[in-house]
Amino acid sequence: MKNIFLILCMVLVAGCSIDRAGLLDKQESGDLNEALVFSSAQYTKQFLTDIYRRLPYGWDDNVYLDAATDDGEARPWWGWVNQIHTGAWNPTSVPDKLKRWSDYYAAIRACNLFLSKIDNVPVDAEQYMSTEEVRARMKYEALCLRALFYADLVRYYGGVPIITKVLDRNSPELFTPRANLQQMKEFIIADCDSAAAHLPSKQLSADYHRVGAAVAKAIKARLLLQLASPLFNSTESGPLSPWSWGNYDANRWKEAADAAKDLIDFRDPITGNLVSDLVYLTTTDPNYLNARNSYPGSLKAMGFYSVFVTRVNSEILLSFSRKGATTNELDKWQLPGSMQTEGDKSYTEPTYNYAAAFETKDGYPVYLTDDDGQYLIDPATNEFVINPKANFNPQKPYDNRDSRFYHSIWYQGSKFSNVTFEAWRAADGSYGRDYQVGYAHTGLFLRKFMDPKNISTGSNNPGVLSGGTSHCFPLFRLAEFVLGAAEALNEFLPDGADRSEAIAQLDKIRLRADMPDVKTTAQRNGWSTTDKVAMRKFIRNERRVELAFEEHRFFDVRRWKIGEKTQRSAYVHDVLKDKTNNTFKYTVKLWERRIYESRHNLLPIPQTEVNNNPNMVQNPGW
């Protein structure tokens, strides 16, 4: 029997557990069964909360999904990340991080079960579900979550079987074929629109982490951008199917732009206020991030830092928040072992491919790239070709960069809690304290999501981390949709057309980072804001810089169909120390050749599903 059969047909019996969520785990829930759960307002609420635990989050296995892209590398380079980089995966052996099919169908089954029962659960004035209004809200939360799981399946696989009820082992729906893109679009948007019409604009207080109308609109906007992108929206992939529209239609970009703007402009019907807004934070205090930490960026660009360490803020629509009110667990994971007593961590390391994407603070790209953002290589040095307009000194590579660079990356000579990063090697075979011997070493460490303002290490080196912060990993934040609106508008408009509306969206992001606005940047670099290709290149790089390590790059390179060009080489920053004069020589070096083929643009359907369902069609190339 196929995996999907087993997942969709799971029956709640005494003492069993559902997948990995644990609501009905006997140790926790005793002799709960389906009838008992849905006769109790208390247990029904717990069941819905259990579905939230199935949401994706960035800290899976301590390694971010971007480690499987050109932006990152896993320090322990074996495991699922290496499996992806070496192309050693197929329908029968899928990397652990990418086993979404079973996880999401288990979540969808839970949503379907909840939706089939919620109307008959009695309200209880003493419990969370105390009124009919709360019951209705919970119902549409489940509908919204189901849309979220299906929309994420589209990002991974394209069209999938649409299941809307709880099945048993004899249900004919077990042999449901994969829906085509039109069917997926109609189904998911219907759920999103229904949820948005019935949920509060944004949940507040103790319910802050529950979905509201803004999240439903966000799911819709993300889906439509995915469906408008070249991976699906082209004439190259055959007729209408689970992986192709069968044609190109510019109006799909218009739909995506309209959905993103609908979210951006969404106002609470009661207060009239915008439901979401970018976080802007300016300070005049040069030691705002604590004098013990280096930060050579702009004091006007603190909003980019703040959004990830402030649990409740105007920009986050839905997030995964790590254990408890405050923690420093994430910081331990991203710092090398030399910085703290937890041993070697730095599970995800940024590559130099990623570091090189940040412009100078004056808006100049540091290196020359082609239209897909792939760095041009100097055949004489095998290094990236420097942009002659940037006034960039490769031996002072970390000077005068976009402030987001300093919020995102630790590098040779930067300082955390008065401890300087030493990522160098020397000709005599010695190494700096933070050089990763025997593991992947990129010369860089991930600072994004960390809170050096409120977390520090003691005087011992390594020291014990102290302090904590409200880390939150964004599942949906407004910046994604501001950039999505700009991208979709640019693609919809013909070459040469005025792009003021797209520019206005981009300038919101640039302003927050204290970077030159789009027109100034274009003028300085000699390209026109009416040039579709030039704007596309700029927008994609802005998206890469702003949304890095938030699980977007993995999907972006696929939906743009640039993986075969951009995902085959990972570069590091080699730092060679001359001990005679205590100077450093910086060199861009190839770290790894990676495997990426066109079939990797979509994940394979698990082979067990194909084998056992005669109507299940495998993705192309698998």
Side-chain angles (χ1 to χ4, degrees), residues 63-74 77-101 152-160 178 180-181 226-239 241-246 248 351-354 357 369-377 440 536 540 543-544 551-572 590-611 616-622:
V63 178
Y64 296 98
L65 185 59
D66 275 18
T69 74
D70 55 336
D71 280 356
E73 178 63 280
W77 48 265
W78 50 88
W80 69 265
V81 172
N82 187 59
Q83 197 176 354
I84 293 173
H85 291 331
T86 59
W89 52 298
N90 56 55
T92 61
S93 179
V94 178
D96 289 342
K97 179 84 169 184
L98 303 186
K99 292 179 179 178
R100 299 302 192 188
W101 185 278
D152 232 27
L153 282 169
V154 173
R155 296 172 89 194
Y156 281 103
Y157 302 100
V160 297
R178 297 174 64 185
N180 63 41
L181 297 183
Q226 178 79 25
L227 293 177
S229 298
L231 177 61
F232 296 137
N233 191 16
S234 74
T235 59
E236 300 174 359
S237 302
S241 69
W243 53 82
S244 174
W245 282 107
Y248 174 79
T351 60
Y352 195 70
N353 307 53
Y354 166 60
T369 63
D370 66 14
D371 289 340
D372 290 323
Q374 178 69 354
Y375 299 105
L376 304 185
I377 304 298
R536 175 189 297 149
R540 288 181 176 182
R543 184 178 175 94
R544 181 182 191 178
E551 301 201 346
H552 291 285
R553 181 70 175 170
F554 183 87
F555 299 106
D556 285 347
V557 298
R558 286 163 167 77
R559 66 183 181 87
W560 294 331
K561 296 176 69 173
I562 63 172
E564 291 177 89
K565 182 180 289 186
T566 64
Q567 301 303 298
R568 290 182 170 179
S569 301
Y571 287 84
V572 301
L590 178 66
W591 153 255
E592 185 176 61
R593 294 287 188 191
R594 296 173 175 175
I595 303 297
Y596 194 99
E597 301 170 350
S598 61
R599 62 176 180 167
H600 294 138
N601 288 332
L602 290 172
L603 267 63
I605 307 299
Q607 191 62 40
T608 51
E609 308 292 337
V610 177
N611 291 344
M616 187 72 73
V617 180
Q618 183 59 274
N619 273 327
W622 293 104

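Counting only distance, with no hydrogens or angles, the side chain of S244 and the backbone of G246 share a donor-acceptor pair below 3.5 Å. Distance alone, capped at 3.5 Å, places no donor-acceptor pair between the H552 side chain and the D66 backbone. With hydrogens and angles ignored, the 3.5 Å screen pairs no side-chain donor or acceptor of Y157 with any backbone N or O of P242. With N82 contributing its side chain and G79 its backbone, the two residues share no donor-acceptor pair below 3.5 Å. Listed for the N353 side chain is a donor-acceptor partner under 3.5 Å among the backbone atoms of S569. Remark: the backbone N or O of L227 is paired with a side-chain donor or acceptor of W245 at under 3.5 angstrom. Judged purely by atom type and a 3.5 angstrom limit, S241 has no side-chain atom pairing as donor or acceptor with the backbone of N180. For N619 (side chain) and R599 (main-chain N/O), no donor-acceptor pair under 3.5 Å exists by modelled atom type.
Inter-residue side-chain proximity for W243 and L181 is flagged as unmet; no heavy-atom pair is nearer than 4.5 Å. Annotation: side chain of L65 is in contact with side chain of K97 (closest heavy-atom distance under 4.5 Å). You'll find the side chain of I562 stays beyond 4.5 Å of the side chain of Q567, heavy atoms only. Side-chain atoms of H85 and R593, non-hydrogen and from C-beta on, never get closer than 4.5 Å to each other. Within the 4.5 Å cutoff, the side chain of W89 has heavy atoms near those of the L98 side chain. Side-chain contact check for K561 versus E236: some heavy-atom pair is nearer than 4.5 Å.
Across all their heavy atoms, I84 and A68 have their closest contact at CD1-CB, 3.7 Å. When all heavy atoms of V572 and Y352 are compared, the closest pair comes out as C-CB, 3.8 Å. Nearest heavy-atom pair across I377 and Y571 is CD1-OH, 3.6 Å. The two residues A74 and V81 come nearest to each other via the heavy atoms CB-CG2, 3.8 Å. Annotation for L231 and L602: closest pair CD2-CD2, 4.0 Å, computed over non-hydrogen atoms. Q618 approaches W622 most closely through the heavy-atom pair CG-CB, 3.7 Å.
Rounding to the nearest 0.5 Å places CD of E592 at 8.5 Å from CG of L590. Here the NZ atom belonging to K99 is positioned 7.0 Å from the OG atom belonging to S93, to the nearest 0.5 angstrom. We find the OG1-CD distance between T566 and Q374 to be 6.5 Å, quoted to the nearest 0.5 Å. Annotation: the span from T69 atom OG1 to E551 atom CD amounts to 11.0 Å, rounded to 0.5 Å.
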(request) In sequence, state the C-alpha distance, the side-chain angles, and the governing distance for D372 and R540, and then conclude on side-chain contact (heavy atoms from CB on, under 4.5 Å). (result) CA-CA 9 Å; D372 290 323; R540 288 181 176 182; 3.9 Å; yes
(request) Go through the steps to decide whether Q83 and V94 satisfy the test side-chain contact (heavy atoms from CB on, under 4.5 Å), and finish with yes or no. (result) CA-CA 9 Å; Q83 197 176 354; V94 178; over 6 Å; no
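With respect to D70, the side-chain hydrogen bond (donor to acceptor under 3.5 Å, both in side chains) criterion is satisfied by exactly one of R594, R544, R568: R544. Paired with D556 under the rule salt bridge (charged side-chain N to carboxylate O under 4.0 Å, His left out), one option of R558, R553, R559 passes, and it is R559.
Taking the six-membered ring where the residue is Trp, Y156 and F555 present perpendicular rings, their angle passing 60° and hence far from 30°.
Contact check on K565 versus D370 returns a salt bridge, with a Lys/Arg side-chain nitrogen under 4.0 Å from an Asp/Glu carboxylate oxygen.
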